[in-house]
> 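Can you keep this structure in mind? I'll have questions shortly.
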Number of protein chains: 2
Amino acid sequence: MYSFAMNPKQASARRKLGTSLLLGEQLCFALYSTMAAMNKVYRRLLRELGVTYPQYLVLLVLWERDGLMVSEIGERLFLDSATLTPLLKRMEALGLLRRKRARDDERQVIVSLTAQGLEMKRRAAAVPDGVFCASGCTPVELASIRDHLLLLRARLLKNA
Amino acid sequence: MYSFAMNPKQASARRKLGTSLLLGEQLCFALYSTMAAMNKVYRRLLRELGVTYPQYLVLLVLWERDGLMVSEIGERLFLDSATLTPLLKRMEALGLLRRKRARDDERQVIVSLTAQGLEMKRRAAAVPDGVFCASGCTPVELASIRDHLLLLRARLLKNA
DNA sequence: AAACTATACATCGTGAACGATCTAATAGCA
DNA sequence: TGCTATTAGATCGTTCACGATGTATAGTTT
């Protein structure tokens with residue numbers, strides 16, 4: 001017993017353009033709800049490590065390259081200081097990293113891993129495999145979705 | 001000047017499995033950051049309507065079918081009452097909808113659009129078009145990504 | 001009827017996300 | 001030297017998201 005604003009013909013025309021007001025047809029809701037489902041999987045996997053997904057992302061960045069400025073972490077994760085500062089403080093309280101002002105430019109806060117933060121990389125090795133299993137997709141499928149998303153992201157940021 | 005834990009050969013083997021610890025290769029981060037970019041586009045488009053993206057999702061659901069229970073809205077959006085109750089209260093305060101207990105079963109709260117909430121559908125017609133333009137993708141591309149994501153979402157929820 | 005279970009929401013606490021605004025430090029320049 | 005602009009973070013207020021828990025109602029069992 002649904003009430004549509006458009007008649008079926010109009011709706012079909014809009015569907016072809018990908019611009020429907022129907023929830024089930026929107027790419028963005030697919031993105032939103034898939035992200036939520038993915039988050040649920042990660043939460044379960046990360047619980048034993050004691051970190052959240054955004055915190056795990058910060059660790060990924062620092063495992064690739066340690067001793068970054070807050071803004072450099074932000075560039076990689078598309079987050080600004082309003083989000084990162086409290087997040088990093090929580091991680092510092094957990095003993096995963098240290099934050100200290102650079103001597104040569106005291107505006108900068110350098111973030112570096114503690115021994116505990118480094119050691120966690122070993123324990124986190126199982127996480128991507130767990131996600132891979134939960135996804136039930138082939139590596140080729142996953143890579144294909146990923147590359148399409150990255151293309152979409154680039155276009156969205158250009159037009160944002 | 002990056003420091004990898006794995007040598008290139010190991011990394012390549014893992015890449016093939018889609019289970020790398022490298023940020024740039026993870027589907028999940030592509031999802032996460034693309035969602036954030038999409039959110040940015042929506043925020044701009046929805047600002048003149050005075051609603052947030054999750055509020056817009058609730059409107060989409062109610063425009064398709066009015067007078068739903070809180071839990072029915074939650075099923076469609078994959079959200080629970082802890083998220084929806086305050087969100088719906090804010091929307092009620094904005095005058096977009098009404099919440100009232102069902103007479104026959106007083107556990108249920110029935111959510112129905114006000115005239116203002118219904119009328120907003122007309123003004124929101126431009127939103128999907130705006131997103132479509134910002135995406136810079138063809139309708140076929142968008143539908144393809146969407147369908148891949150929905151498949152992934154179904155598998156993730158099954159294994160969550 | 002009393003006791004139990006399930007359902008439908010509400011509440012609480014924590015952790016993001018981000019626009020807007022603030023402060024301190026640095027850089028550029030006359 | 002001063003003046004301004006820029007940069008790097010921090011802070012504030014609002015909104016989501018969700019696990020855990022509470023509460024009232026409804027249904028079911030004994």
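Remember, it's a predicted structure, so these values are computed and weren't measured experimentally. Chain letters run A, B, ... following the sequence lines, proteins first and then strands; every chain starts at 1.
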> Hey, could you give me each pair passing salt bridge (Lys or Arg N to Asp or Glu O under 4.0 Å) that has a residue in residues 35-48 of chain A? Not counting sequence neighbours.
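Residue pairs passing salt bridge (Lys or Arg N to Asp or Glu O under 4.0 Å), neighbours aside: none found.
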
> So which of B:V111, B:V109, B:L96, B:T83 actually passes side-chain contact (heavy atoms from CB on, under 4.5 Å) with B:L88?
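Answer after filtering B:V111, B:V109, B:L96, B:T83: B:V111.
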
> Give me the residues of residues 29-54 of chain B where at least one heavy atom lies under 4.0 Å from an atom of DNA chain D, by number, or none.
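Here the set is B:T52, B:P54.
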
> Given a cutoff of under 4.5 Å between side-chain heavy atoms of I, L, V, M, F, W and Y, with clusters grown through shared members, what are the other residues clustered with A:M69?
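So far as hydrophobic clustering goes, A:M69 is joined with A:I110.
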
> Provide the full list of salt bridge (Lys or Arg N to Asp or Glu O under 4.0 Å) pairs with a residue in residues 104-118 of chain B, sequence neighbours left out, each pair given once.
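Residue pairs with at least one partner in residues 104-118 of chain B: B:D105-B:R107.
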
> Find the distance B:E72:CD to C:dT7:C1' and express it as a whole number of Å.
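For the pair B:E72 CD and C:dT7 C1', the rounded distance is 13 Å.
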
> Show me the pairs that pass salt bridge (Lys or Arg N to Asp or Glu O under 4.0 Å) and involve residues 151-160 of chain A, at least two apart or across chains.
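Qualifying pairs, neighbours excluded: A:R155-B:E141.
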
> Whole angstrom is fine here: how far is it from CG in A:L57 over to C1' in C:dG15?
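So the CG-C1' distance, A:L57 to C:dG15, works out to 14 Å.
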
> Any N or O donor-acceptor pair linking the side chain of A:T83 to the base of C:dA16 at under 3.5 Å?
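Side chain to base: no pair below 3.5 Å.
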
> Tell me every residue that passes side chain to side chain contact (heavy atoms under 4.5 Å, CB included) with A:L113, counting only those two or more places apart in sequence or in another chain.
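Partners of A:L113 under the side chain to side chain contact (heavy atoms under 4.5 Å, CB included) test: A:L59, A:L62, A:W63, A:D66, A:L118.
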
> Closer to the 5' end of DNA chain D via nearest nucleotide, is it A:L88 or B:F78?
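Result: A:L88.
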
> Between A:S71 and D:dT7, does any side-chain N or O lie under 4.0 Å from OP1 or OP2?
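Checking D:dT7 against A:S71, no side-chain N or O comes under 4.0 Å of OP1 or OP2.
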
> Given C:dG15, D:dT15, C:dA10, identify the nucleotide with an atom nearest to the side chain of B:S81.
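For B:S81, the side-chain atoms sit closest to C:dA10.
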
> Can you tell which of D:dC16, D:dC18, D:dG9 lies closest to the side chain of B:D80?
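Minimum distance to the B:D80 side chain belongs to D:dC18.
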
> A:M69 has an atom CE; how far is it from atom P of D:dT7, in whole Å?
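The answer, rounded to whole Å, is 12 Å.
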
> Give the residues of residues 92-101 of chain B touching DNA chain C, defined as any heavy atom closer than 4.0 Å, sorted by residue number.
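Only B:R99, B:R101 qualify.
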
> Do the ring planes of A:Y32 and B:Y53 sit parallel (below 30°), tilted (30 to 60°) or perpendicular (above 60°)?
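The rings of A:Y32 and B:Y53 stand perpendicular, inter-plane angle above 60°.
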
> Are the side chain of A:T114 and the backbone N or O of A:G117 linked by a donor-acceptor pair below 3.5 Å?
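Side chain of A:T114 to backbone of A:G117, a donor-acceptor pair under 3.5 Å: yes, one is there.
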
> Mind jotting down which residue pairs meet the salt bridge (Lys or Arg N to Asp or Glu O under 4.0 Å) criterion with at least one end in residues 81-95 of chain B? Sequence neighbours excluded, please.
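Residue pairs with at least one partner in residues 81-95 of chain B: B:E92-B:R99.
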
> Can you name the residues that form a side chain to side chain donor-acceptor pair (under 3.5 Å) with A:R122, not counting sequence neighbours?
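Counting only residues at least two positions away or on another chain, A:R122 forms a side chain to side chain donor-acceptor pair (under 3.5 Å) with A:E119.
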
> Residues of residues 103-112 of chain B with any non-hydrogen atom less than 4.0 angstrom from an atom of DNA chain D: list those, numerically ordered, please.
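The answer is B:D104, B:D105, B:E106, B:R107.
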
> The criterion is side chain to side chain contact (heavy atoms under 4.5 Å, CB included); which residues satisfy it with B:S144, sequence neighbours excluded?
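B:S144 satisfies side chain to side chain contact (heavy atoms under 4.5 Å, CB included) with B:H148 only.
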
> Just checking A:L84: base, sugar-phosphate only, or nothing, at a heavy-atom cut-off of under 4.0 Å?
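The residue A:L84 makes no contact with any strand.
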
> Holding to side chain to side chain contact (heavy atoms under 4.5 Å, CB included), I want the full list of residues that pass it with B:E75, two or more places apart in sequence or in another chain.
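If we apply the side chain to side chain contact (heavy atoms under 4.5 Å, CB included) test to B:E75, skipping adjacent residues, there are no hits.
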
> If each of A:L87 and B:K89 is mapped to the nucleotide of DNA chain C with the nearest heavy atom, which maps nearer the 5' terminus, i.e. the 5' end?
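Its nearest nucleotide being more 5', the pick is B:K89.
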
> So, is A:T85 near the phosphate of D:dA10, with a side-chain N or O under 4.0 Å from OP1 or OP2?
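Indeed, a polar side-chain atom of A:T85 lies that close.
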
> Rounded to the nearest angstrom, tell me the gap between atom CG in B:L77 and atom C1' in D:dC18.
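One finds 15 Å between C1' of D:dC18 and CG of B:L77, rounded.
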
